[in-house]
Structure formats: structure tokens, C-alpha cells
Amino acid sequence: MDMNRNLSRRAALASGALAALAAALAPRFALADEKMVADEIAKLYAGKKMDAGKIKLDVPQIAENGLVVPVSVDVESPMTDADFVKAVHIWADGNPQPGIASFYFSPDCGKASAATRMRLAQTQNIVCVAEMSNGALFTAKAEVKVTIGGCGG
Amino acid sequence: MANPTPRVRVPKSAKKGEMIEIKTLISHEMESGQRKDSAGKTIPRQIINKFVAEFNGKQVFAADWHPAISANPYQSFFYKASESGEFKFSWKDDNGQTYTSTAKLDVA
């Protein structure tokens, strides 16, 4: 038996299979990046000054299951008619699309705190921006390490 | 897909000025538009893209959801009790449907 021929055939089969696998996986790896998040922020608040602080962004440091990752935000504010948090936007820089959620508060909320659950495809940064009723902006960022991704499949 | 069923947890009563937490959940696939079926065809996106909570007809809280929100989306937020009345929650689906649920609150 011709060893070389046999091996090359195997190699050819393997590379074919790899190519097919890569093609199948390719769309999954067309992920967002920091720039896409920055672009999304610019769409809403181009050129505006943002400060750190006021926001407590609560996400797990390590998420074992990327399909269901709790995320909560809590923004310091008196929540009166004159001074309240209008909106909080959340993005992620390693998902197929950067958007996660936007929360819209009113003074009737009493406090600017809300929680949901998100999918994360891989380890990535969560970025949020809070817009106050007077137009001031605050931002916060946190990394979540994802053990099993929550996209596709 | 089975009909989305909302589940909402609102306290029956609250003291005036008390901060209550509202928790909501609705059964929904939240198909992200990223997945492929066994034939390799992309499964079209179908998610709930908006959640709105009103109290006595006035919007209290709303959320926009992107495909990155988990299946059976959960949302919690707060409400400062001021008067008795009724909450109305609505969820807007990509397919144009709106699912709603209501809950009464007594404020003493």
C-alpha cells in the first residue's frame, strides 16, 4: 500500500472538512468590536463629554453560560421631576451586534435601577452610558469572562 | 412557537412612597437572526424589541431589546408607589404582535 498517497488523501479530506467547518463557523466570528460600540455611542451622543461614576453596572466577572448572563444597572439620582435619569444604554464589544438594551426611566420609578439577562458570545466588555435629564452623561464598563458562548448553535 | 405568556410579579399593596420592585418575564424564543437551521439557512430574526410599563395610563419605564437579550426575556425595574391603580405591561414582537398583561396595586 502506498503510504504517501494514503496520507495525502487523508490530509485532503481533513482540510476539506476543516474548510467546511470554517465556512459554517465564519458568520459566528463576524463579531462587533470596540469601534462598533464607539460608533453606536457616537450615533446618540457624538462629541459629548462623558464622566465616570454615578453608575453601578452589575455583571458577573465570570459567566459559565453565555446564553443567560444577568446584567443590572443602578444609577445614582434623586429621581425628581427636575433631576432624573432619562435613559441607560448598554452595549457589548464582542457579540455579533453591539446593542444589548436601552432602559428609559421616569421620575415615577423612584430609583434608576433595572435588570435583564443577556447573551454573550465570548469574553468581552460591557459598556453603558446613562443620560441624565439635564443632558449630563456618565459611562461605566465591566468585563465578563464567558466560559461557554451564547450565540448560534 | 407557543404563544408567549407573560408573567409579572407586582406586590398587591404598598405604602405611599414605598419603592417596589416589579419583575417581569415572558416566554419567547428571542430568535437572534444569527442561528442557522440544519440545512444551513439562517433562521430569520424574531425577537421582542420593546417592553413598556405604564401605571394608570402613564409610562413609568420602557426598554428596547436587541437580539443579545436572552430567550424568555426578564426585566425588572422599580416604581415609587403614589396612588392606587393598575399597571399595564406590553411587549412588542418583531412580527407586529403586542402581548399585554395587567396588575393592580393598592396604595395605602
Side-chain angles (χ1 to χ4, degrees), chain A residues 20 23-32 40 63 65-74 78-80 84-92 94-121 124 126 149-153, chain B residues 14 16-26 28-43 45 47-83 85 87 105 107:
Chain A
L25 289 177
R28 263 193 234 176
F29 288 101
L31 298 175
E40 290 293 316
N65 178 2
L67 276 170
V68 186
V69 183
V71 51
S72 76
V73 288
D74 198 336
M79 294 304 273
T80 58
F84 64 99
V85 180
K86 266 172 78 177
V88 171
H89 307 281
I90 308 169
W91 294 278
N95 269 352
Q97 292 166 346
I100 301 275
S102 297
F103 300 147
Y104 303 96
F105 298 99
S106 70
D108 293 340
C109 289
K111 61 176 173 172
S113 176
T116 186
R117 294 170 187 153
M118 62 187 172
R119 297 171 172 139
L120 296 178
Q124 57 187 294
I126 310 304
C151 251
Chain B
K16 196 174 166 65
E18 190 183 338
M19 220 86 84
I20 57 170
E21 188 174 18
I22 317 286
K23 294 177 176 178
T24 71
L25 188 76
I26 184 164
H28 195 283
E29 297 279 330
M30 296 292 276
E31 190 59 63
S32 67
Q34 300 291 329
R35 298 199 307 161
K36 293 190 187 296
D37 62 16
S38 52
K41 264 180 59 186
T42 302
I43 305 170
R45 169 185 144 156
I47 67 166
I48 291 173
N49 56 56
K50 186 142 191 97
F51 167 78
V52 179
E54 292 162 300
F55 189 76
N56 289 345
K58 187 181 170 205
Q59 182 174 315
V60 173
F61 175 85
D64 289 338
W65 288 340
H66 294 274
I69 294 298
S70 303
N72 304 327
Y74 168 84
Q75 181 73 60
S76 72
F77 60 94
F78 287 84
Y79 175 71
K80 193 175 175 185
S82 60
E83 54 176 354
F87 281 102
L105 175 73
V107 175

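Numbered from 1 within each chain, the chains take letters A, B, ... in sequence-line order. Both backbone and side-chain heavy atoms feed into the values below; hydrogens, waters and symmetry mates do not. Because the structure is predicted, anything quoted here is derived from the model rather than measured.
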Enquirer: Does B:Tyr74 offer a backbone N or O that forms a donor-acceptor pair with the side chain of A:Thr116 under 3.5 Å?
Expert: yes
Enquirer: Contact part of B:Ser82 toward chain A, heavy-atom cut-off under 4.5 Å: side chain, backbone, both or neither?
Expert: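 When you check distances to chain A, no heavy atom of B:Ser82 falls under 4.5 Å.
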Enquirer: For a side-chain contact (heavy atoms from CB on, under 4.5 Å) check, start with the C-alpha distance between B:His66 and A:Gln97, then their side-chain angles and the critical distance, and finish with the verdict.
Expert: CA-CA 8 Å; B:His66 294 274; A:Gln97 292 166 346; 5.7 Å; no
Enquirer: Of the non-hydrogen atoms in B:Glu29 and A:Arg119, which two are nearest, and what is the gap between them?
Expert: O-NH2, 3.2 Å
Enquirer: Measure B:Leu25 against the heavy atoms of chain A and call it side chain, backbone, both or neither at under 4.5 Å.
Expert: side chain
Enquirer: Atom OG of A:Ser72 and atom CZ of B:Phe77: how far apart are they, to the nearest 0.5 Å?
Expert: 15.0 Å
Enquirer: Would B:Phe61 and A:Phe105 satisfy side-chain contact (heavy atoms from CB on, under 4.5 Å), going step by step from the backbone distance to the final call?
Expert: CA-CA 5 Å; B:Phe61 175 85; A:Phe105 298 99; 3.6 Å; yes
Enquirer: I need the residue from A:Ala115, A:Gly110, A:Ala101 with the largest number of non-hydrogen atom pairs under 4.5 Å to chain B.
Expert: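 If we count pairs closer than 4.5 Å to chain B, A:Ala115 comes out on top.
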Enquirer: With side-chain contact (heavy atoms from CB on, under 4.5 Å) as the test, would you mind laying out the steps for B:Val52 and A:Tyr104 before giving the verdict?
Expert: CA-CA 9 Å; B:Val52 179; A:Tyr104 303 96; over 6 Å; no
Enquirer: Counting N and O atoms only, with roles assigned by atom type, does the side chain of B:Ser70 sit under 3.5 Å from a partner on the main chain of A:Met118, one being a donor and the other an acceptor?
Expert: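 Pair found, side chain donor or acceptor close to backbone of A:Met118.
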Enquirer: Check step by step if side-chain contact (heavy atoms from CB on, under 4.5 Å) holds for A:Met79 and B:Lys80.
Expert: CA-CA 10 Å; A:Met79 294 304 273; B:Lys80 193 175 175 185; over 6 Å; no
Enquirer: At a 4.5 Å cut-off on heavy atoms, which part of B:Ala53 comes close to chain A: side chain, backbone, both, or neither?
Expert: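 Contact with chain A involves no heavy atom of B:Ala53 at all.
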Enquirer: Taking all non-hydrogen atoms of both residues, which atom of A:Gly99 and which atom of B:Ala68 are closest, and how far apart?
Expert: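 Looking at all heavy atoms of both residues, the shortest contact is O-CB, 3.6 Å.
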Enquirer: Measuring from atom CD of B:Glu54 to atom CG of A:Asp108, what distance do you get when rounded to the nearest 0.5 angstrom?
Expert: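 Here the interatomic distance stands at 12.0 Å.
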Enquirer: Which residue out of B:Phe55, B:Trp65, B:Phe78, B:Phe51 racks up the most heavy-atom pairs below 4.5 Å with chain A?
Expert: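 Greatest number of close heavy-atom pairs with chain A: B:Phe78.
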Enquirer: Of the listed residues (A:Pro70, A:Cys109, A:Ala114), which shares the most heavy-atom pairs with chain B below a 4.5 Å separation?
Expert: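 Max contact count across the listed options: A:Cys109.
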Enquirer: Heavy-atom distances under 4.5 Å only: say whether B:Pro73 touches chain A with side chain, backbone, both or neither.
Expert: neither
Enquirer: Just so I understand: if I count every heavy-atom pair under 4.5 Å between each of B:Thr42, B:Thr24, B:Ile69 and chain A, which residue has the most?
Expert: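 Looking at each of B:Thr42, B:Thr24, B:Ile69 in turn, B:Ile69 comes out on top.
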Enquirer: Quick one: closest heavy-atom pair of B:Val60 and A:Ser106, and the distance?
Expert: O-OG, 2.8 Å
Enquirer: Which one of B:Gly40, B:Ala63, B:Gly33, B:Ala62 has the most heavy-atom pairs closer than 4.5 Å to chain A?
Expert: B:Ala62
Enquirer: Around B:Lys50, counting heavy atoms of other residues, nucleotides and ligands shown, do more than 12 lie under 6.0 Å from its NZ?
Expert: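 Yes.
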